[in-house]
There are 2 protein chains.
Amino acid sequence: MTDQPKRPLTLRDVSEASGVSEMTVSRVLRNRGDVSERTRERVLAAAKELGYVPNKIAGALASNRVNLVAVIIPSLKNMVFPEVLTGINEVLEDTELQAVVGVTDYLPEKEEKVLYEMLSWRPSGVIIAGLEHSDAARAMLNAAGIPVVEIMDTDGTPVDAMVGISHRRAGREMAKAILKAGYRRIGFLGTKMPLDHRARKRFEGFTEALAKEGVEIEDREFYSGGSALAKGREMTRAILERSPKLDFLYYSNDMIGAGGLLYLLEKGIDVPGQIGLAGFNGVELLQGLPKRLATMDACRLEIGRKAAEIITARLEEPPREVETQVILTPTISFGDTLKRG
Amino acid sequence: MTDQPKRPLTLRDVSEASGVSEMTVSRVLRNRGDVSERTRERVLAAAKELGYVPNKIAGALASNRVNLVAVIIPSLKNMVFPEVLTGINEVLEDTELQAVVGVTDYLPEKEEKVLYEMLSWRPSGVIIAGLEHSDAARAMLNAAGIPVVEIMDTDGTPVDAMVGISHRRAGREMAKAILKAGYRRIGFLGTKMPLDHRARKRFEGFTEALAKEGVEIEDREFYSGGSALAKGREMTRAILERSPKLDFLYYSNDMIGAGGLLYLLEKGIDVPGQIGLAGFNGVELLQGLPKRLATMDACRLEIGRKAAEIITARLEEPPREVETQVILTPTISFGDTLKRG
DNA sequence: ATGAAAGCGCTAACAT
DNA sequence: ATGTTAGCGCTTTCAT
């Protein structure tokens, strides 16, 4: 708790203050090798007294080890990603590793930049959302020589390992449940995000499964920006005005689905009798709505955990072999807005 | 795009591949000093061809410069913090600086640990939520010798700079508006989080302003964990069952307020006639509810921006002097759940 | 149990 | 416009 340190403290300062060589100080601070209890205490006391904070930059350079795991995700606003992070942290908390987050805003160029930036700090591993990356990004991931886990999506080929769900299948399963319940005049409401590959794949799986039964989406509505709940309301109004005969609305996420649900309930429309609804994700929010929206769990926590476990396993000495293609199965919740078939 | 690089590439590799000294390669890669166009191109080509990613660890050690800003926040689940981050990133995007996020889960010990961890990477600045820190944390912040901005709260004394709103005042203002509208039998609903100092201060300001008019909170209800929307519902039911004569419910955040609103509307209770409601934060979600919940904007984006601006100003050479005690004024939104006085 | 020497991959400062 | 030298603060390795 001394004052005005214009120059940050170094090991040497602790060494001088404690009368012990830098090397021994280093050993104490890292709990390495044998150090007598007496020396240990002296060093610890001196370090604390001075307020020494080790310089990991120097340490990393010397040891060629960096206890960071780069986690690259499209957004923090989606709640899905913070949950994945929670799963990752749960696992990393028991290790030396530390997650560092980078955000891409769904932009490939930004992903490339963020990845480059993070790799330049020589992390021990990378967890990155999605399987779609620019060639340059893929090359960097390959060249990094560290474990790479691509998460959230399994419809494609990973650079190294992958953990997620098949969004195509998620879309198909929901389509099947909807058809089985007897709905036939189906509308789709989603985000105007050509770069959200997972939403796109769900949509593709959905239409494909409908087509198999000779059903086509009758109308669709897209939005971008703004409050998802409000947009859900507005889009629902708009699509039903255009196509009043729709008997089911499939939303690309729970937030807009919730907005739609609130709108329909206000209008006094019978859900799921007259119109059925379903979203995607299983967000916690849904618990508090007047009716529980049908949805599909995206296994976010589990994805985070499994991804982190792959990283830690690979980093053990020697590397522990683990399953590197983890395909989780999302479960459908019928809630109160989708009749059971 | 070459293969199997067990050893990461170094400047030296690029130097050899391009037939130019390491120093010149370094200059090219950082756009420093004069380099002939011809050399420049040769170096860039070699670097790209090899897939070289600079080692920032070595660079930082040599230059004693780290373009990172440590951002320490309590949680990512609260949406408030991602928004602050957005503000920070907006400003940092135009600079060399990069935000790195650490999460404390509202735990002082974890804050201390995260801070220590981050400082050991020698960031160029720190942005940290709140004014309450352990002595050790405060000592570290002091000793770091870098700009430190404490955000969100201004009721207290910062280590260095601060940007935020007065939560005490926010509580007072809301109390005044409620009293002015004629409500007198007031219930409070909040989180069971003794460590959320900002919520605590709002509560203190609130009760203080009520007391000044001889009004006391008639009942209160606390929750922890779970879906805030569902909890808001449940708590509202519980408090009204106990105290059916309440005519106003003040929620410590918008999420539980929204749950309460949905509950009351379902029950057919006249809002704001029979019961008025207010929350805190101004979350985007509220836009989509059947009625707009009264709330108070926490100026999150602006806080992020201003904090980042203070950091960048201080880091200029020479440091640009800026206001370091920025107290923003939250505006009250009456929405549809609080009568105007 | 402790210390001394070398060097991690860069960049600052100084030549040329 | 380009190269040379020294050294950032640690850890590794090898002595003692």
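The chains referred to below are lettered A, B, ... by the order of the sequence lines, with proteins before strands, and numbering in each begins at 1.
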By salt bridge (Lys or Arg N to Asp or Glu O under 4.0 Å), B:K113 pairs with (sequence neighbours left out) none
In whole angstroms, the gap separating P of D:dC8 from NZ of B:K56 amounts to 22 Å
By side-chain contact (heavy atoms from CB on, under 4.5 Å), A:E37 pairs with (sequence neighbours left out) A:R40, A:E41
Between the OG1 atom in A:T104 and the CD1 atom in A:I72, the distance rounded to the nearest 0.5 Å is 8.5 Å
To the nearest angstrom, the CG-C1' distance between B:N64 and D:dC10 comes to 14 Å
Rounded to whole Å, CG of A:N31 lies from C1' of D:dT11 at a distance of 15 Å
By side-chain contact (heavy atoms from CB on, under 4.5 Å), B:A313 pairs with (sequence neighbours left out) B:R320, B:V322
To the nearest angstrom, the CG-P distance between B:L61 and D:dC8 comes to 9 Å
A:E22 atom CD is separated from D:dG7 atom P, nearest whole Å, by 15 Å
Listing, residues 17-25 of chain B side-chain donor-acceptor contacts under 3.5 Å, not counting sequence neighbours, or none:
from	atom 1	to	atom 2	distance (Å)
B:S18	OG	B:V14	O	2.7
B:S18	OG	B:S15	O	3.4
B:S21	OG	B:M23	N	3.4
B:S21	OG	B:T24	N	3.2
B:S21	OG	B:T24	OG1	3.1

By side-chain contact (heavy atoms from CB on, under 4.5 Å), A:P54 pairs with (sequence neighbours left out) A:Y52, B:Y116
Whole-Å distance, A:I57 CD1 to D:dT11 P, equals 13 Å
Tabulate protein N/O versus nucleotide N/O from nucleotides 12-16 of chain D, keeping only pairs under 3.5 Å, one per line.
from	atom 1	to	atom 2	distance (Å)
D:dT12	OP1	A:R65	NH2	2.4
D:dT12	OP2	A:R30	NH1	3.4

Chain A vs DNA chain C, heavy-atom contacts under 4.0 Å, first-to-last nucleotide span, 5' to 3', is C:dA1 to C:dG9
Terminal axes of the helix from C:dA1-D:dT16 to C:dT16-D:dA1 (5 end pairs apiece), angle rounded to 10 degrees, sit apart by 30°
Atom CG of A:L29 and atom P of D:dG9 are separated, to the nearest Å, by 16 Å
5'-most contact on DNA chain D (nearest-nucleotide basis), B:T24 vs A:G59, goes to B:T24
Worksheet item: Would you say the side chains of A:H133 and A:E112 form a donor-acceptor pair under 3.5 Å?
Response: no
Just checking A:N55: base, sugar-phosphate only, or nothing, at a heavy-atom cut-off of under 4.0 Å?
sugar-phosphate
A:R7 CZ to D:dC10 P, in whole Å, measures 10 Å
Sequence neighbours excluded, the answer for salt bridge (Lys or Arg N to Asp or Glu O under 4.0 Å) partners of B:E109 is none
Show me the side-chain donor-acceptor pairs of residues 60-67 of chain A shorter than 3.5 Å, one per line, residues at least two apart or across chains.
from	atom 1	to	atom 2	distance (Å)
A:S63	OG	A:G59	O	2.8
A:S63	OG	A:R65	N	3.3
A:N67	ND2	A:E96	O	3.1

Sequence neighbours excluded, the answer for salt bridge (Lys or Arg N to Asp or Glu O under 4.0 Å) partners of B:R198 is none
Residue set satisfying side-chain contact (heavy atoms from CB on, under 4.5 Å) with B:V100, at least two apart, ordered chain then number -> A:V100, B:L68, B:M118
